[in-house]
J.: 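Take this structure first; my questions come after.
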Number of protein chains: 2
Amino acid sequence: MSSNEPIWYDELPSPVGILRLVADDSGLREIWFENGRHQKAPHSQWRRAAAPFVLVRRQLEEYFAGERQQFELPLHPHGTAFQLKVWWELARIPYGATISYGQLAQRIDQPLAVRAVGAANGRNPLPIVLPCHRVIGSDGSLTGFGGGLPTKRYLLALENGVAHGDLFGSALRTR
Amino acid sequence: MSSNEPIWYDELPSPVGILRLVADDSGLREIWFENGRHQKAPHSQWRRAAAPFVLVRRQLEEYFAGERQQFELPLHPHGTAFQLKVWWELARIPYGATISYGQLAQRIDQPLAVRAVGAANGRNPLPIVLPCHRVIGSDGSLTGFGGGLPTKRYLLALENGVAHGDLFGSALRTR
DNA sequence: ACCAGACTCGCCGTTTTCGGACATCAATGC
DNA sequence: GCATTGATGTCCGAAAACGGCGAGTCTGGT
């Protein structure tokens, strides 16, 4: 049956809404956006606790304050071999940069697996920390984000030092 | 990914061949027949140990010596809800008795789920202890057994006090 | 000419769906 | 006798559908 190992969760307010954090003893497993796309209820056997998330909380707060460009956290995302390959490649996109899905496909040596990369991106269990928001359409359009396009736009604006007030007024095209 | 909880295994010689025993901390999980149908190699992360199987070993030895008619062991079989229902019902078939797949289906209040019962029976992870060998065709034929029909015949003969020598000469029809 | 959209088609991993096969058995029609 | 059929849950394989794409074509408006 499923694992007996304990799973922890907690919530964290942020400029882009409440974040639900999930972790096990070996690292951070998931981050959900409140009202995000794959929103689901915490599993009944999970336990709420703040202690496992002290590091995560601090680094995310620093990130949103514009004071952190890189995360140093134990991560433990779950997925297929292909998905993990894509997700770890995300971590290598520099802060503030953007690449296209096609380029990302090339970087994992599967230049034709473009749609598959898109699908894997769409299931990134650790948004923000694994910066899937830095991947955009080859024509510069944002095309999609689990936490909603405004959030994607906000994160990119944040990383480019743009003033925060214009959550809905950015110059970045939505399409 | 999967559980971190330790899994133990060991082997036990018996009149019907070597038995592979698998257990976790909450009870016996599996018994395989050497050369049985769903024969598989022990998982690489399992650890071999004798201590968890002291009780199991003694009770099985007593059973094969004809000195035990009922097992008193912590069991922890894994399966679907339906399968567990079938398997626990097996434990209520008296020593030496036989019933048909149809009767077994009735006892779990699903008189039509006869084939499903057959399939569940075929996946009994704890043969001998959960006596699937006591389930036979409605016409008295043995019809099938994970450890081979001769073994099924042997177990039934043992439980009926028949002399052991005739492993292949029993009067019980094979079909 | 040029450009923005709308449309088509090929690409690929994952998910979903579907169809059989099973350690059955009783009823039916021939 | 004997083949057929229907009822049940699960597993397994195959097949199809489905995406946070992208390059190419076509169309219509300037």
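Protein chains get the first letters and strands the later ones, always in sequence-line order, with residue 1 at the start of each.
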J.: Heavy atoms from C-beta onward define the side chain here; which of D:dC11, C:dA23, D:dG9 lies closest to that of B:Thr143?
T.: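 Of the candidates, C:dA23 comes closest.
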J.: Hunt down the Watson-Crick or G-U wobble partner of D:dA3, both distances under 3.5 Å, from any strand shown, or write none.
T.: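 Its partner is C:dT28 (Watson-Crick or G-U wobble, both distances under 3.5 Å).
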J.: Just the rounded figure in Å: distance from P of C:dA23 to CG of B:Asp139.
T.: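 One finds 16 Å between P of C:dA23 and CG of B:Asp139, rounded.
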J.: Tell me whether the count of non-hydrogen atoms from other residues, nucleotides or ligands lying under 6.0 Å of CZ in B:Arg48 goes above 12.
T.: yes
J.: Would you mind telling me which of D:dC11, C:dA23, D:dA23 lies closest to the side-chain atoms of B:Gln83?
T.: D:dC11
J.: Could you check whether any side-chain N or O of B:Lys152 sits under 3.5 Å from a backbone N or O of B:Leu142, counting only pairs where one atom can act as donor and the other as acceptor?
T.: yes
J.: On the nucleotide C:dA23, are OP1 or OP2 found under 4.0 Å from the side-chain N or O atoms that B:Arg123 carries?
T.: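 No.
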J.: Between B:Leu104 (CG) and D:dA7 (P), how many Å, whole number?
T.: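 In whole Å, D:dA7 P and B:Leu104 CG are 21 Å from each other.
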J.: Between D:dA7 atom C1' and B:Ile108 atom CD1, what is the distance in whole Å?
T.: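 My rounded result for the distance is 14 Å.
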J.: Verify the ring-centre separation between A:Tyr95 and A:Phe71: is it less than 6.0 angstrom?
T.: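 No: the rings miss the under 6.0 Å criterion.
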J.: Identify which nucleotide among D:dG20, D:dC11, C:dC25 has an atom closest to any side-chain atom of A:Tyr101, counting heavy atoms from C-beta outward.
T.: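 The closest nucleotide is D:dG20.
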J.: Looking at every strand, decide which applies to A:Ala113 at a 4.0 Å heavy-atom threshold: base, sugar-phosphate, or nothing.
T.: sugar-phosphate
J.: Can you tell me the distance, in whole Å, between the CD atom of B:Gln106 and the C1' atom of D:dA7?
T.: 14 Å
J.: A:Arg115 has a side chain; which of C:dC11, C:dA23, D:dG22 sits nearest to it?
T.: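 Of C:dC11, C:dA23, D:dG22, C:dC11 is nearest to the side chain of A:Arg115.
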J.: Between D:dG20 and C:dT16, how far is it from one P atom to the other, in whole Å?
T.: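 After rounding to an integer number of Å, I get 13 Å for this pair.
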J.: Whole angstroms only, please: what is the CG-P distance between B:Leu156 and C:dA23?
T.: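 Interatomic distance, CG of B:Leu156 to P of C:dA23: 18 Å.
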J.: Can you tell me how far apart CG (B:Asn121) and CG (B:Leu104) are? Round to the nearest 0.5 Å.
T.: 6.0 Å
J.: Hey, would you say the B:Phe145 and B:Tyr154 ring centroids sit under 6.0 Å apart?
T.: no
J.: Who does C:dA23 pair with, Watson-Crick or G-U, both distances under 3.5 Å?
T.: none
J.: Among the nucleotides D:dG20, D:dT8, D:dC11, which one has an atom lying closest to any side-chain atom of A:Lys152?
T.: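 In terms of side-chain proximity for A:Lys152, the closest of D:dG20, D:dT8, D:dC11 is D:dG20.
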J.: Quick one: B:Phe82 CZ to D:dC11 C1', roughly how many Å, whole number?
T.: 14 Å
J.: Roughly how far apart, to the nearest Å, are C:dG20 and D:dT4 at atom P?
T.: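 It comes out at 16 Å once rounded to the nearest Å.
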J.: Charged N to carboxylate O under 4.0 angstrom, B:Glu30 versus B:Arg20?
T.: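 Looking at B:Glu30 and B:Arg20, the cut-off is not met.
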J.: My understanding is that a pair needs two contacts under 3.5 Å, Watson-Crick or G-U wobble. By that rule, which nucleotide pairs with C:dC7?
T.: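 C:dC7 is paired, partner D:dG24.
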J.: Grab the CD-C1' distance between A:Gln103 and D:dA23 for me, whole Å please.
T.: 15 Å
J.: Could you check which of C:dC25, D:dG22, C:dG13 has an atom nearest any side-chain atom of B:Ser138?
T.: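 For the B:Ser138 side chain, the nearest candidate turns out to be C:dC25.
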J.: Would you kindly give the CG-to-C1' distance between B:Leu112 and C:dA27, to the nearest whole Å?
T.: 13 Å
J.: Using a heavy-atom cut-off of under 4.0 Å over every strand shown, decide if B:Val117 touches base, sugar-phosphate, or nothing.
T.: nothing
J.: Looking only at side-chain atoms of B:Val114, point me to the closest of C:dT24, D:dC21, C:dC12.
T.: C:dT24
J.: Below the 4.0 Å mark, does C:dG13 have OP1 or OP2 next to a side-chain nitrogen or oxygen of A:Gln110?
T.: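 A:Gln110 to C:dG13 OP1/OP2: side-chain N or O found under 4.0 Å.
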J.: For the side chain of B:Asn121, starting at C-beta, report the closest nucleotide among C:dA23, D:dA23, C:dC12.
T.: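 Nearest listed nucleotide: C:dA23.
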J.: Under 4.0 Å between a side-chain N/O of A:Ser100 and OP1 or OP2 of D:dG22, yes or no?
T.: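 For D:dG22, OP1 or OP2 has a side-chain N or O of A:Ser100 closer than 4.0 Å.
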